[in-house]
Protein chains: 2
Amino acid sequence: MDSMTIMVRKQTAADQALRLDNQICFAVYSTAHAFNRVYKPLLDRLGLTYPQYLVMLALWERDDVPVKDLGERLFLDSGTLTPLLKRLEAAELIRRTRSTEDERVVLIALTQQGQALREKAKAVPQSILAASDCTVGELLAMKDEIVALRDRLNAVLGE
Amino acid sequence: MDSMTIMVRKQTAADQALRLDNQICFAVYSTAHAFNRVYKPLLDRLGLTYPQYLVMLALWERDDVPVKDLGERLFLDSGTLTPLLKRLEAAELIRRTRSTEDERVVLIALTQQGQALREKAKAVPQSILAASDCTVGELLAMKDEIVALRDRLNAVLGE
DNA sequence: GCGAATTCAATTGCGAACAATTAAATGTGA
DNA sequence: TCACATTTAATTGTTCGCAATTGAATTCGC
């Protein structure tokens, strides 16, 4: 063999960029799954999946809203929300009623049980905080960075 | 009305923590979806979905590996990977062969076409970089923070 | 060696997630 | 007014993602 250097494959920037652990998207993707797995046992006690929990969070802040509104707040479309909301309705946590003013609109409102579940849900965030092994400050700072990234990505999609 | 203060609902820490936009998990979750939507048109040209692209990235680094190996690198289990890998096999990008040494193991290897696709994929990361509207340095720093968070979450799950 | 536990992939069933389409209601412009 | 576009949910079909189970192969304890 003449020289080792001849055998060494040139590592271009493009090669580096294709490495799995260089990808921020994979970092985000795998962290989302990790969160999901941490949330699961907590949410099982509430009888909710994580996306259902997100819908409930949104409704606890403001309910009697169209499906469209929820979709914009959660970045989800009707193809995802319609069946999910039907399951929440079957669980008697929400009511779905068609608006009288505009019959295209379905309004989502909390039931008594849906309201009541909020109290049980209060224990969830602190459990997650503990699992993250971070301070509130660290998490908030990180959250702001991630949201900024998300909003830039969504801005590109809107073009 | 006696006093406004009586009417103001006391905002406890628990209430604050339940706000949708205070949740880092929602930030991560919604950013993952935003990435997915940005990747979609790029990956369509390669004939891959995002999870399939992740599998290919892993295989371009090291192939002839058991399904289990892939699962550990991508944090996915056989319930997700088996059908996904069958689709990649149908697309003739990979081969699935049962190991002769241990017949429980299915080894995943790239085909010629699977290898070749790597060249086409090189254009993807730079497009994502552009869409993120961040510098490489910013993204790498953020990636490291997110990965650290993910690893702490996964550590809790492992207990 | 031999029975029990473990490992590994596949399968089944359910719940997202989204693209594309459909259908109904509403709005708009000539 | 009336054709036409727009808005809004719902539906359909495909692909993840995971829990739970199955079944085959291997390893371990004794």
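Here is the naming used below: chain letters follow the sequence lines, and residue numbers restart at 1 for every chain.
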Least distance between heavy atoms, Ser30(A) atom then Arg150(B) atom: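 Nearest heavy atoms, Ser30(A) then Arg150(B): OG-NH1, 2.7 Å.
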Nearest atoms (heavy-atom pairs only) where Ala27(A) meets Lys143(B): CB-CG, 3.8 Å
Plane angle bin for Tyr29(B) and Tyr50(A) - parallel if under 30°, tilted between 30 and 60°, otherwise perpendicular: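 Rings of Tyr50(A) and Tyr29(B): perpendicular, as their planes differ by over 60°.
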In one Ile/Leu/Val/Met/Phe/Trp/Tyr side-chain cluster, 4.5 Å: Trp60(A), Val55(A): yes
Single-linkage hydrophobic cluster, 4.5 Å side-chain cutoff, Val136(B) and Ile24(A) together: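 Same cluster: Val136(B) reaches Ile24(A) through Ile, Leu, Val, Met, Phe, Trp or Tyr contacts under 4.5 Å.
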Is the phosphate of [N] approached by [X] (side-chain N or O, under 4.0 Å from OP1 or OP2)?
X        : N       : value
Tyr50(A) : dG15(C) : no
Tyr29(A) : dG17(D) : yes
Arg37(B) : dC18(C) : yes

Selection: residues 63-87 of chain B, any non-hydrogen atom under 4.0 Å of DNA chain C: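 DNA chain C contact set from residues 63-87 of chain B: Pro66(B), Val67(B), Lys68(B), Ser78(B), Gly79(B), Thr82(B), Lys86(B).
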For [X] and [N], give me the distance from atom [atom1] to atom [atom2], rounded to whole Å.
X         : N       : atom1 : atom2 : answer
Asp102(A) : dA9(D)  : CG    : P     : 9 Å
Glu103(B) : dG23(D) : CD    : P     : 18 Å
Asp44(A)  : dA20(D) : CG    : C1'   : 13 Å
Arg104(B) : dT7(C)  : CZ    : C1'   : 5 Å
Glu89(B)  : dT15(D) : CD    : P     : 15 Å
Lys40(A)  : dA19(D) : NZ    : C1'   : 7 Å
His33(B)  : dA19(C) : NE2   : C1'   : 15 Å
Leu107(B) : dC8(C)  : CG    : P     : 12 Å

First encountered from the 5' end of DNA chain C, between Glu101(A) and Gln52(A):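 Nearest-nucleotide comparison on DNA chain C picks Gln52(A).
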Note: Asp44(B)-Lys40(B) ion pair, threshold 4.0 Å (strictly below): yes
Candidate nucleotides dA24(C), dG17(D), dA16(C), ranked by approach to the side chain of Thr49(A) - the nearest: dA16(C)
Between CG on residue Asp63(B) and CE on residue Met56(B), distance to nearest 0.5 Å: 9.0 Å
Asn36(B) or Arg96(A), whichever maps to the more 5' nucleotide of DNA chain D: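 Nearest nucleotide further toward 5': that of Arg96(A).
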